[in-house]
Number of protein chains: 4
Amino acid sequence: METTLRVGILGGSGYTGVELLRILAGHPRAEVTVVTSRQAAGQPVADMFPSLRGWVDLEFEEPDTDRLAEGCDLVFCGVPHGVAMHQVPALLDRGVRVVDLSADFRIADRAVYEEWYKETHAAPAWLERAVYGLPEVNTPAIRDAALVANPGCYPTAVQLAFLPLLEAGVISREGMIADAKSGASGGGREAKTHLLLAEASDSMSAYGVAGHRHLPEIEQGLSRAAGESVALTFVPHLAPMIRGIHADCYALLDGEAGAGLQDLFEARFGGSPFVDVMPEGSHPGTRSVRGSNFCRLAVHRPRGGRQVVVLSVIDNLVKGAAGQAVQNMNLMFGLPEEAGLDTPPMQP
Amino acid sequence: METTLRVGILGGSGYTGVELLRILAGHPRAEVTVVTSRQAAGQPVADMFPSLRGWVDLEFEEPDTDRLAEGCDLVFCGVPHGVAMHQVPALLDRGVRVVDLSADFRIADRAVYEEWYKETHAAPAWLERAVYGLPEVNTPAIRDAALVANPGCYPTAVQLAFLPLLEAGVISREGMIADAKSGASGGGREAKTHLLLAEASDSMSAYGVAGHRHLPEIEQGLSRAAGESVALTFVPHLAPMIRGIHADCYALLDGEAGAGLQDLFEARFGGSPFVDVMPEGSHPGTRSVRGSNFCRLAVHRPRGGRQVVVLSVIDNLVKGAAGQAVQNMNLMFGLPEEAGLDTPPMQP
Amino acid sequence: METTLRVGILGGSGYTGVELLRILAGHPRAEVTVVTSRQAAGQPVADMFPSLRGWVDLEFEEPDTDRLAEGCDLVFCGVPHGVAMHQVPALLDRGVRVVDLSADFRIADRAVYEEWYKETHAAPAWLERAVYGLPEVNTPAIRDAALVANPGCYPTAVQLAFLPLLEAGVISREGMIADAKSGASGGGREAKTHLLLAEASDSMSAYGVAGHRHLPEIEQGLSRAAGESVALTFVPHLAPMIRGIHADCYALLDGEAGAGLQDLFEARFGGSPFVDVMPEGSHPGTRSVRGSNFCRLAVHRPRGGRQVVVLSVIDNLVKGAAGQAVQNMNLMFGLPEEAGLDTPPMQP
Amino acid sequence: METTLRVGILGGSGYTGVELLRILAGHPRAEVTVVTSRQAAGQPVADMFPSLRGWVDLEFEEPDTDRLAEGCDLVFCGVPHGVAMHQVPALLDRGVRVVDLSADFRIADRAVYEEWYKETHAAPAWLERAVYGLPEVNTPAIRDAALVANPGCYPTAVQLAFLPLLEAGVISREGMIADAKSGASGGGREAKTHLLLAEASDSMSAYGVAGHRHLPEIEQGLSRAAGESVALTFVPHLAPMIRGIHADCYALLDGEAGAGLQDLFEARFGGSPFVDVMPEGSHPGTRSVRGSNFCRLAVHRPRGGRQVVVLSVIDNLVKGAAGQAVQNMNLMFGLPEEAGLDTPPMQP
């Protein structure tokens, strides 16, 4: 008989939390046993999220290491960066495996982390042992990891677009650009004026052009793929939608490399169940992945020139957060990679 | 070993079609074998709906009675009213069971149909045999039906709100109002200027106050529940959202009937897996049912007066169309009522 | 030579403030000389609201009675209820006329105010002298007022719809309902989770069915029109749009009153430049008034029955707040009623 | 006494038409005397566009050269490309001056036009005499022009961003990219499935990466500014909003040119009333120009590298169409450049 994985969610009152609960409600082999939230402790989860009425009977609890360690085989950590690195080690020390959705264990170079996040890292030993959880790159290490650092939403969309080009060594190091548009849920569930419907709806704006915290994470991944240091111009945008990232990734081809781009992408992701390389000439919309763990990619080379354009779309809360976290969990526990994630996107 | 139901979709290129395909992709006991579309014949389904890439390998076919009759145990009919009544009988005559999502078989009184739809009914014999597919009212008849007339979206939301009050005989016949707001997908996938994003977004308007085609269908259902003729004021609205119906249903209580309203609703729907009577004082949002087959109801009696207000929310494409159709299919074939429909709503 | 009115805005960093600044930028006879904001003091107005770059050169200032009294002929008060009643009297005592956009001076019956707003009224003497600023009812009193209480957004839309019916005495006291839908800007510019784009977009929900603070204000106006106490069922909704109120107002006709409803409305508002009675059978959308001071009304009597339905649309920030405030200012200072307000709505 | 300009609109039932009518309703020196529309002839303009009730009393008329020539000093041509070139010459021959909002007279090289628009040009002589109506480049020629070709929406936003860089000769010819996001009104008012609210809302997608018709128009303008042929990678996107273009324009600096970029932009547009160079570090949103004729620009040079990023936002229907057309009219007739265009953007 198959056993059921006991799962905890540390910090479950944000969008990551409710999305994990939605996905895990349909997971055949995992069951959520604990959900914590400092502010909402004592409140039934389904009171805060009526969408989960009938699906989740739990109450939010105060975070408690003993409770999590005893009741869970794996904990998803959904607390913010700066908090995660203080709470995760105690769980790991008790033998619980962790998928951390914060940024605290994503950047291997502690100095870079501390520069961008303006904090001294509280768990450098675990930072060294953390595995970066992009399954399309790191599956073997993820399987064995005690601690998986789940990638950010922008980094997921952008890395998947550039990886085949960098690994094949066909693009120039200069002129790499990611122009990325995100839905407002990427800004979290905490109330902020600029994310109000009245502000963000029916409008579009860039932000963080001078430097966004996802940039070092992306450059780390791109540099690993290239085998050398890679710099990127990264321009994130707030788009007037709930979910979705649309990343346009630009690079200049080196030499005569352009002919086989479509094949290159199809070969690179042939074994990746959640990366869909679209037919040539495609323009995938974020709608086509909404609610699902897919990343759809389309490769273009306008007028046959040096410029290559890769369109990359994901649902920021699924492949960009909770879905990828479940994909990592599946790999860590030897479950089918698609368990709990085999539902089609919602259209319209 | 369990057999798999072979399902056809007649007219599958609209929102009803793509939603049936999404739901059935996750159904454990049904498989879509044929999807027809006159305009799109020959085109892969996943080309028109990239959300279904990897889920649906079929091409749209020309509608063909032989093909449907031989290849399917049940056909969902998604062609428009006026067309369905010409195409459905041939299937029924071949022994295929049908769930018709058009309006053609919903209104038992042929004269009323012909008045509102301005067409002579082409299949009056089948109209007499059709079963109105609101499972919360008609489950026994649905189980045995050859032809189920799947209710309209507004009629589903409005009837479920009024049924307990009418069946219990606690409201006046005068002053019944349904003020209902629908997302733009209720207008279908055919291009119409007033449904353009540039027109319908960031705006709100009523329509059809003088008389909407869903009104006779609603009044038929309400009259059956009341055991006498019931008239309703029905004001539909186009709301600037994709999916969802929010129906506010107003009635004046007769006598001292108000005390037990919450109990009345909970008792009425205790055995209905898809009707969720919310706690007193609730205000369910359409978001709380998006993508799911739930109807959530909340009963209010402001300041303890005669006026009762029932808030009723559904996803117009699921409980208001494709989901209810699958619920009917499940009943017709003795499957668990929730098969294929047991996924939580999507939030945010 | 015509003089220019010197105008101050007390509490100018919310939506009321920015909308007053937008409207007054185009006013031929008024100039904003002072804008206050405690939190934003010292910040250029155009930094917070880039839409005003080139139009407003002022900085937000700390609120200061002397400064306002000396620099302004009129002050618009945009601070929240509970605060306004503490700040407005000092200005009035210095001879500055005030249009207060908070709720503090709207409800003449102090006990009712204190019941709904849970505060002891701090300026009962001024409450007695305040004039309710609905120009379609109160123009003579507004002209002479020192203090005008600018109506709420819902109350404006709902009162204009019911006034002709109540004044003419053609409707029953029972069964009066206002089912009103508001854009998210009605909730203000302060960050609140339920008003986030990710929460409020693509969804619809009612709120405050048990009792909304605008209800006593509406009932006060309706009762005055009727000459006797009138009770209303009021159900407000949050609609997924930025601006706009769509109020559906329902009443039951007494006797044979229905024939001349269209004439009744046209006659009632014949002299009101900002109330547009649409042709019979119309369904005005909120889009048709966006950015303008119009209220558009359409009167329906479905199937010729007792039920009358008045559709009423306004822009909640213009006719529902800042525009009406400017209309009141114009009346108070003998300017043309439409000064600064004669711009067409924005479509699409 | 000042005379009033008599203005006609040829093809006035689309978004360009209604926006011209909105702007001209507030123009102090121009009056619309004729509006044509083949499909809507005989219908009052305010019936189709209720937002114009009280502002426009005209009916749509059949297009008629005599009527336009006799009744108008200037005609705005709002018919589609391919049609305009057949209708405009007759007006010009009668001495009426024309601002054409179609693409028919924008591209000076007839062969390029015919390649991209798949039509033989019907009026090559007038094509030679047409003046490209980007006032920030061409004011002197516009003043004297009989025929002004009003720029496209994307071309306006993109050219204004690149002009200072190209004129100053500080960027490389390789790696120029415009990643542009447009609201759905850019696709026009004609019903198309992909522009339905249910399709386009809450989603984002690129289109035309292989080649969009605005590309040759943009490259023509950029090449003129550079004094040599310039190639651009242009990726347009459909963003889920009504109005607005957000263009991110990327280029690689040549040599040590970066230091004075902010000054360069401020100097270039110092005399341009409708181009607002924002302070360093700014991220203008499309909301900040909604309903206005402004283009706001922000220049960035992330981490001080070679890559320059210019953010450019306009309202596609104003500076990208009708507003710029009125700006051109003002120049052609010696009116103040800002006449009719001096209203602030609408926020929120």
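Proteins get letters first, then strands, A, B, ... in listed order; numbering begins at 1 in each. Everything quoted here is computed from the prediction, not taken from an experiment.
In terms of non-hydrogen atom pairs under 4.5 Å with chain B, the most contact-rich of G186(D), A198(D), G183(D) is A198(D).
Using a 4.5 Å heavy-atom threshold, the side chains of L195(D) and L196(B) count as touching.
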Considering only heavy-atom distances, could you tabulate the donor-acceptor pairs under 3.5 Å between chain B and chain D?
unit_1, atom_1, unit_2, atom_2, d
Y15(B), OH, E199(D), OE2, 2.5
R189(B), O, T193(D), OG1, 3.4
T193(B), OG1, R189(D), O, 3.4
L195(B), O, L197(D), N, 2.8
L197(B), N, L195(D), O, 2.8
E199(B), OE2, Y15(D), OH, 2.5

